[in-house]
Amino acid sequence: MKLVRFGAAGAEKPGMIDADGKVRDLSGVVADIAGDVLGREGLKRLAAIDPKSLPLAPEDSRFGACVGRVGNFIAVGLNYADHAAESGMAVPSEPVLFNKAPSCIVGPDDTILIPRGSEKTDWEVELAVVIGERASYVSEADALNYVAGYCVCNDVSERAYQIERGGQWTKGKGCPTFGPIGPWLVTTDEVETGDLAMTLSVNGELVQNGSSSTMVFKVPFLVHYISQFMVLEPGDVITTGTPPGVGMGMKPPRYLKPGDRMEVSIAGLGTQRQVVAAG
């Protein structure tokens with residue numbers, strides 16, 4: 001299934017995509033794409049519905065973030081060997097973890113705001129994992145049973161805040177609008193994450209062109225690993241790292257400016273389109 005949230009910011013309704021690519025309104029069935037709806041039983045209930053039995057959403061509805069009420073937004077750094085190389089950093093022996101503020105989450109096509117005074121706002125196409133079941137100390141072999149599905153994330157990053165302000169990555173990762181996710185949450189039965197094409201263009205120029213196949217730590221290991229340090233709850237999001245081609249790695253470095261347009265895609269998970277503006 002492809003699950004969505006549509007409508008005005010702060011008033012999104014749950015929906016699903018039918019076989020013709022139309023958005024169907026699920027608000028008569030569930031209140032949101034969040035919490036227990038993302039668990040095995042909740043998804044089983046939704047899968048039993050004939051999408052064409054549901055009313056159509058209004059044409060040209062805005063897509064909101066594909067998951068509601070995200071409690072924890074966890075990110076994995078330097079998880080692609082080729083990206084670590086362009087960043088001038090070693091491939092870590094264990095996953096590098098940091099948090100993005102849940103308040104930075106926005107819809108996939110919402111405007112990206114450059115923070116006041118920022119000169120180094122950057123882009124990162126990433127595969128995001130949405131947790132469906134409460135996970136604590138799960139095994140790697142069992143980890144995917146705790147995953148509801150996957151979506152596109154643009155891990156927007158302010159590099160000066162991240163690297164030059166004490167080396168605490170969270171400072172550069174959670175600014176308002178720095179976490180667009182969606183357009184869809186695609187359930188695990190429809191996605192194999194081993195070799196997904198990942199691209200990001202700025203003003204029509206392809207700058208990132210990679211694959212999830214070059215991830216150092218794969219999805220099952222990441223869910224297992226993170227669950228050793230914290231409890232993962234339904235609706236938590238893990239964004240799993242980026243392939244090369246970020247602005248920081250260019251020679252000379254290149255960063256976003258007002259008026260820039262990004263297109264962010266992962267095969268099977270959809271495309272985001274964002275305009276950049278001053279915050």
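For Thr271, the side chain to side chain contact (heavy atoms under 4.5 Å, CB included) partners two or more places apart in sequence, or in a different chain, are Glu263, Ser265, Arg273. In this structure Val275 satisfies the side chain to side chain contact (heavy atoms under 4.5 Å, CB included) test together with Arg261, sequence neighbours excluded. Residues forming a side chain to side chain contact (heavy atoms under 4.5 Å, CB included) with Val106 (at least two apart in sequence, or on another chain): Asp110, Thr177, Pro180. Ala81 pairs by the side chain to side chain contact (heavy atoms under 4.5 Å, CB included) definition with Val91, Val216, not counting sequence neighbours.
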Evaluate side-chain contact (heavy atoms from CB on, under 4.5 Å) for Cys66 paired with Ile33, printing each intermediate quantity in order. CA-CA 7 Å; Cys66 59; Ile33 306 299; over 6 Å; no
Should Thr193 and Thr188 be marked as a side-chain contact (heavy atoms from CB on, under 4.5 Å) after you check the CA-CA gap, both sets of side-chain angles, and the distance that decides it? CA-CA 9 Å; Thr193 61; Thr188 56; over 6 Å; no
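For the pair Glu158 and Lys120, the salt-bridge criterion is not met [side-chain N within less than 4.0 Å of a carboxylate O]. Salt-bridge formation is detected for the pair Glu205/Arg254: a Lys NZ or Arg NE/NH1/NH2 atom is positioned less than 4.0 Å from an Asp or Glu carboxylate oxygen. Taking 4.0 Å as the cut-off between side-chain N and carboxylate O, Asp32 and Lys13 do not count as a salt-bridged pair.
For Ser212 against Tyr80, the heavy-atom pair with the smallest separation is CA-OH, 3.6 Å. Contact between Arg159 and Tyr255 at its shortest, heavy atoms only, is CG-CE2, 3.8 Å.
Among pairs with a residue in residues 177-203, those fulfilling salt bridge (charged side-chain N to carboxylate O under 4.0 Å, His left out) read Lys2-Glu190, at least two apart in sequence or across chains. Here ring-ring contact (aromatic ring centres under 6.0 Å, His included) pairs that include residues 96-119, with residues two or more places apart or in two chains, are Phe98-Trp169.
Counting only N and O atoms by type, the side chains of Ser118 and Thr121 include a donor and acceptor under 3.5 Å apart. Thr240 and Glu126 share no side-chain donor-acceptor pair at under 3.5 Å.
Partner of Ile238 under the side-chain contact (heavy atoms from CB on, under 4.5 Å) criterion, out of Val129, Asn72, Val219: Val129 alone.
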